[in-house]
Enquirer: 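Structure below; questions to follow.
Only this structure's heavy atoms are used, side chains among them; waters, hydrogens and symmetry mates stay out.
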Amino acid sequence: MAFHHVRFPLDIALGARGGPERKTDVVTLAGGGEQRNGRWAHSRRKYNAGYGVKSRADMQAVLAFFEERRGRLHGFLWRDGMDHSSGGMVPLPGDQALGIGDGATKNFQLIKTYGASFAPYARPIRKPVSGSVRVAVAGVEAVSGWSVDVMTGIVSFAVAPSVGAAVTAGFLFDVPVRFDTDGLDVEWSGFDAAEAPNIPLVEILP
């Protein structure tokens, strides 16, 4: 088992369907009330790439990609067309809060926060796009003195940010996924057309 740092064909991915999933236990009490418990700390995304297959060439590209990943064995990168940026289309260094400096901590995990003050969800971002990350300390963009690991999404500073300094970042990112099947059921529907109605993908959580 390994992770291949290669992206699923982008033109096919942009026609796919899917999104986040949660795991919640719901128990109905005798009086009709409910008890609910969230079993997962983080959401898990699922996609169906079959909706993005529009031609024979698309299907051949998917088949080659599937075989190289050995079905469910190896993970890869997926571009979520609805959610792949820290903010707008162009990331800004103040998009997302990563933490507050304490004068000792040098490593900060990239995070994207969903929601506002009521119950915001902080999603760890572990597969940033190389060259897209911008970082700021105390509101000033840092053009040097730091690096980011594109396999983990950890930003490392050469010198720890000072006490009380807000560390923020902007970035593009992919989702680490794997195929959720070991077989593809392909239909050749015409001379230059093919359909694979179900190509399930599931996010790989750490």
Enquirer: What pairs meet the ring-ring contact (aromatic ring centres under 6.0 Å, His included) rule with one or both residues in residues 69-94, with sequence neighbours excluded?
Expert: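 Pairs touching residues 69-94 that pass the test: His4-His74, Phe8-Trp78, Tyr47-Trp78, Phe65-Phe76, Phe76-Phe179.
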Enquirer: Only pairs at least two apart or in different chains count here, so list each salt bridge (Lys or Arg N to Asp or Glu O under 4.0 Å) that has a residue in residues 134-153.
Expert: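 Non-adjacent pairs meeting salt bridge (Lys or Arg N to Asp or Glu O under 4.0 Å): Arg134-Glu141.
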Enquirer: Does atom NZ of Lys46 have more than 12 heavy-atom neighbours from other groups under 6.0 Å away?
Expert: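 No, NZ of Lys46 has 12 or fewer neighbouring heavy atoms, counting only those of other groups under 6.0 Å.
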Enquirer: For Arg56, is there an ion pair with Asp58 - N to carboxylate O distance below 4.0 angstrom?
Expert: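 Looking at Arg56 together with Asp58, the answer is no, because their closest N to O distance does not fall below 4.0 Å.
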Enquirer: One thing to verify: whether Arg44 and Glu21 come together as a salt bridge, which I'm taking to mean a side-chain N less than 4.0 angstrom from a carboxylate O.
Expert: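 Arg44 and Glu21: not salt-bridged.
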Enquirer: Can the positive tip of Lys127 be found less than 6.0 Å from the middle of the six-membered ring of Phe3, inside 45° of the ring normal?
Expert: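 Because its charged atom sits under 6.0 Å from the ring centre and within 45° of the axis, Lys127 does stack over Phe3.
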Enquirer: Do Tyr114 and Asp83 have side-chain N/O donor and acceptor atoms under 3.5 Å apart?
Expert: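 Result is yes, a qualifying pair exists.
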Enquirer: Is the number of heavy atoms from other residues, nucleotides or ligands under 6.0 Å of Arg36 CZ greater than 12?
Expert: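 No, because the 6.0 Å sphere around CZ of Arg36 holds 12 heavy atoms or fewer from other groups.
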Enquirer: Looking at every heavy atom in both Ala104 and Asp102, which two are closest together, and how far apart are they?
Expert: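 Smallest heavy-atom distance, with atoms named: N-OD1, 2.8 Å.
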Enquirer: Return yes when atom CD of Glu34 has more than 12 non-hydrogen atoms of other residues, nucleotides or ligands closer than 6.0 Å, and no otherwise.
Expert: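 Above 12, so yes.
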Enquirer: What closest approach, in Å, do Gln109 and Ile154 show between heavy atoms, and which atom pair accounts for it?
Expert: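 Nearest pair, atom of Gln109 first, then Ile154: OE1-CG1, 3.6 Å.
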Enquirer: Check step by step if side chain to side chain contact (heavy atoms under 4.5 Å, CB included) holds for Val135 and Thr168.
Expert: CA-CA 6 Å; Val135 173; Thr168 59; over 6 Å; no
Enquirer: Any salt bridge (Lys or Arg N to Asp or Glu O under 4.0 Å) pairs touching residues 161-174, not counting sequence neighbours?
Expert: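 Passing the test, one end in residues 161-174: Arg7-Asp174, Arg79-Asp174.
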Enquirer: I'd like to know if Asp25 pairs up with Arg39 as an ion pair, taking the criterion as any Lys NZ or Arg NE/NH1/NH2 lying under 4.0 Å from an Asp or Glu carboxylate oxygen.
Expert: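 Here Asp25 pairs with Arg39 in a salt bridge, since their nearest N and O are under 4.0 Å apart.
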